Amino acid sequence: MIDTRVSVVTGAASGIGRATAKRLAMGGDLVVVADINEQSGQAVVAEIRKTGGKAEFYLVDVADEASVENLAGAVEKTLGPAGVLVNSAGVLQNVATLESLSLEEHDKVWAINYRGVYLCCRAFAPRMARYRSGSIVNISSTSAVAAMPLLAYAPAKSAIQNLTAILAAELGPNNVRVNAVMPGYVLTEQMQARIDAGKRDPQSMKNQSALGRMVAPEDVANGIHFLCSDAASCITGIVLPIDAGYLGTVTYINHPGMGGIHPGRTSSATIK
Ligand SMILES: NC(=O)c1ccc[n+]([C@@H]2O[C@H](COP(=O)([O-])OP(=O)(O)OC[C@H]3O[C@@H](n4cnc5c(N)ncnc54)[C@H](O)[C@@H]3O)[C@@H](O)[C@H]2O)c1
């Protein structure tokens, strides 16, 4: 068994999960890079080790109960009790309406983005409770609280926030903290691919933020790192927005007297 804190990050092969795995490893944690994509996951492990960090890859399908239980059992047996669980495995969704969204796509998004998080909490939280120590961070989205044409994705993110509040109350007596981050538009590889495919307008995403920029995966990783740290030891049950000021600004600039453009900018074209 090892003394170092063991941090499990699902979805760590890419995007926010990858940045989080690297951030936690930089802070000295032994990071479990848990993902369904072995090739990319192993590449993240290699990146972390190259910079002197500690990481191991574990294959998992968060939508599969047995796979998640195997992960929790294998981590505990091989590396020791997990002190941190970051649930970052997820899929994005294309814009859809009630008529255009297939039930298959709806159910797939819920199976990974909600049920996957539930299964991971169910597998790891009792173990953390037994050791009376742990921190879980879930990934919500600003779509949880603002209407967006993401019929399966957004309601699943609202459910994540509710789950976070319930688990924080349930697990607090055993010194297990449960929080969530609520990212705005994050410029991950997947988001860039959607921009390149013409499915997201980068200018509009920047213009709708107070800071005039998209969120970097590292911005979200820094928030998660804080929530898992001793500096946040009295914080549980919260949802931390990391959105470059999107939530307030989108209503501010769309006020009927404002015309959709921030007065601090001459036009959206000024944003690089
Ligand atoms: N990118 C954004 O703008 C944004 C904004 C808000 C919230 N989020 C949320 O952040 C989380 C991470 O998203 P991202 O943008 O980094 O995505 P991403 O696609 O870059 O990474 C997701 C990772 O999850 C893995 N994964 C997918 N299905 C899996 C499964 N069944 N089992 C195990 N691993 C699986 C993928 O292989 C990938 O490595 C998601 O919950 C997403 O909803 C993203």
Side-chain angles (χ1 to χ4, degrees), residues 8-23 32-45 47 57-71 85-95 107-120 123 137-146 148 150 152-161 163-164 180-195 199-202 204-206 208-209 213-221 223-224 239-244 246-247:
V8 178
V9 183
T10 72
S14 170
I16 294 169
R18 172 171 169 264
T20 302
K22 290 169 73 174
R23 182 66 190 85
V32 172
V33 172
D35 206 285
I36 202 166
N37 183 335
E38 174 153 17
Q39 199 182 357
S40 301
Q42 292 286 12
V44 173
V45 168
E47 265 184 272
F57 176 77
Y58 283 71
L59 188 65
V60 70
D61 177 357
V62 297
D64 182 275
E65 183 189 356
S67 177
V68 172
E69 287 297 330
N70 282 343
L71 170 71
L85 169 67
V86 179
N87 287 307
S88 193
V91 287
L92 300 181
Q93 191 209 314
N94 288 330
V95 164
D107 291 352
K108 182 185 157 206
V109 169
W110 271 84
I112 299 170
N113 288 14
Y114 180 77
R115 191 167 177 275
V117 173
Y118 182 81
L119 286 177
C120 289
V137 180
N138 298 323
I139 321 289
S140 180
S141 150
T142 45
S143 64
V145 296
M148 293 187 194
L150 302 171
Y153 182 91
K157 291 302 185 186
S158 302
I160 292 288
Q161 296 196 180
L163 178 71
T164 300
V181 290
M182 179 164 53
Y185 296 115
V186 187
L187 192 53
T188 57
E189 304 94 313
Q190 290 300 322
M191 182 62 87
Q192 187 61 54
R194 280 176 145 69
I195 292 170
K199 291 185 170 148
R200 295 284 193 280
D201 173 11
S204 150
M205 289 190 277
K206 290 176 193 172
Q208 289 175 10
S209 77
R213 69 174 182 93
M214 290 182 71
V215 180
E218 291 73 20
D219 295 320
V220 185
I224 294 171
V239 179
L240 178 66
I242 305 175
D243 66 349
Y246 163 82
L247 276 178

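These numbers were taken from a predicted model, which means no experiment stands behind them. Each ligand, and each atom within it, is numbered from 1 in the order the structure gives.
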Please verify whether a non-hydrogen atom of Thr10 lies at under 4.0 Å from ligand 1. no

Distance from atom 16 (O) of ligand 1 to nearest protein heavy atom, with residue and atom: Ile16 N, 2.8 Å

Run the numbers for me: atoms of ligand 1, each under 4.0 Å from some heavy atom of Gly184, listed by number. 3 (O), 5 (C), 6 (C)

Is there a side-chain contact between Gln93 and Asn113, using heavy atoms and a 4.5 Å cut-off? no

With heavy-atom distances below 4.5 Å as the criterion, would you say the side chains of Val33 and Val9 are in contact? no

Would you say Val86 and Ile139 make side-chain contact, with heavy atoms under 4.5 Å? yes

Ignoring hydrogens, just give me the one of Val62, Val109, Ile242 whose non-hydrogen atom is nearest atom 32 (N) of ligand 1. Val62

Contact between Lys157 and ligand 1, counting heavy atoms under 4.0 Å? yes

So, 4.0 Å and heavy atoms of Ser140: is ligand 1 close enough to count as a contact? yes

For ligand 1, which is the ligand I care about here, please tell me if Ser14 has any N or O atom under 3.5 Å from one of the ligand's N or O atoms. yes

Looking at atom 29 (C) of ligand 1, what's its closest protein heavy atom, distance included? Ile36 CG2, 3.8 Å

Just jot down the ligand 1 atoms closer than 4.0 angstrom to any heavy atom of Tyr153, in number order. 6 (C), 7 (C), 8 (N), 9 (C), 42 (C), 43 (O), 44 (C)

Which heavy atom of the protein is the closest neighbour of atom 19 (O) of ligand 1, given with residue, atom name and distance? Gln190 CG, 3.0 Å

Would a 4.5 Å heavy-atom cut-off, applied to side chains only, mark Val95 and Arg200 as touching? yes

Looking only at protein heavy atoms, identify the closest one to atom 22 (C) of ligand 1 and say how far it is in Å. Gly90 O, 3.5 Å

Atoms in ligand 1 flagged as close to Ser141, the criterion being non-hydrogen separation under 4.0 Å: 6 (C), 7 (C)

In the protein, which heavy atom is nearest to atom 31 (N) of ligand 1, and how far is it? Asp61 OD1, 2.9 Å

Under a 4.5 Å cut-off applied to non-hydrogen side-chain atoms, are Ile16 and Ile224 in contact? yes

Atom 28 (N) of ligand 1: which protein heavy atom is closest, and how many Å away? Ile112 CG2, 3.8 Å

Within a strict 4.5 Å, meaning less than it, do heavy atoms of the Trp110 and Pro155 side chains meet? yes

For atom 38 (C) of ligand 1, which candidate among Asn113, Leu71, Val60, Asp35 provides the closest heavy atom? Asp35

Quick note on ligand 1: atoms under 4.0 Å from a heavy atom of Met191 include exactly 3 (O)

Enter the distance from Lys157:NZ to Thr142:OG1 here, rounded to the nearest 0.5 Å. 10.5 Å

Just which atoms of ligand 1 are under 4.0 Å from any heavy atom in Gly15? 16 (O), 20 (O)

Output the list of atoms in ligand 1 that are nearer than 4.0 Å to some heavy atom of Ala13, sorted by atom number. 39 (O)

Kindly identify the option in Ala111, Ala12, Ser88, Gly41 whose heavy atom sits closest to atom 40 (C) of ligand 1. Ser88

Could you tell me whether the side chain of Ser140 and the main chain of Val181 form a donor-acceptor pair under 3.5 Å? no

Contact partition for Thr188 relative to ligand 1, non-hydrogen atoms under 4.0 Å: side chain

Is the closest side-chain heavy-atom distance between Leu187 and Ile195 below 4.5 Å? yes

pair Val109-Val91: side-chain heavy atoms closer than 4.5 Å: yes

Polar contacts were defined as any N/O atom of the residue lying under 3.5 Å from an N/O atom of the ligand; does this apply to Val186 and ligand 1? yes

Pairing donors with acceptors under 3.5 angstrom, does anything connect the side chains of Asn138 and Thr164? yes

Would you say the side-chain atoms of Arg115 pair up with the backbone N or O of Ala63, donor to acceptor, closer than 3.5 Å? yes

Rounded to the nearest 0.5 Å, the CZ atom of Phe57 sits from the CG atom of Asn37 at a distance of 7.0 Å

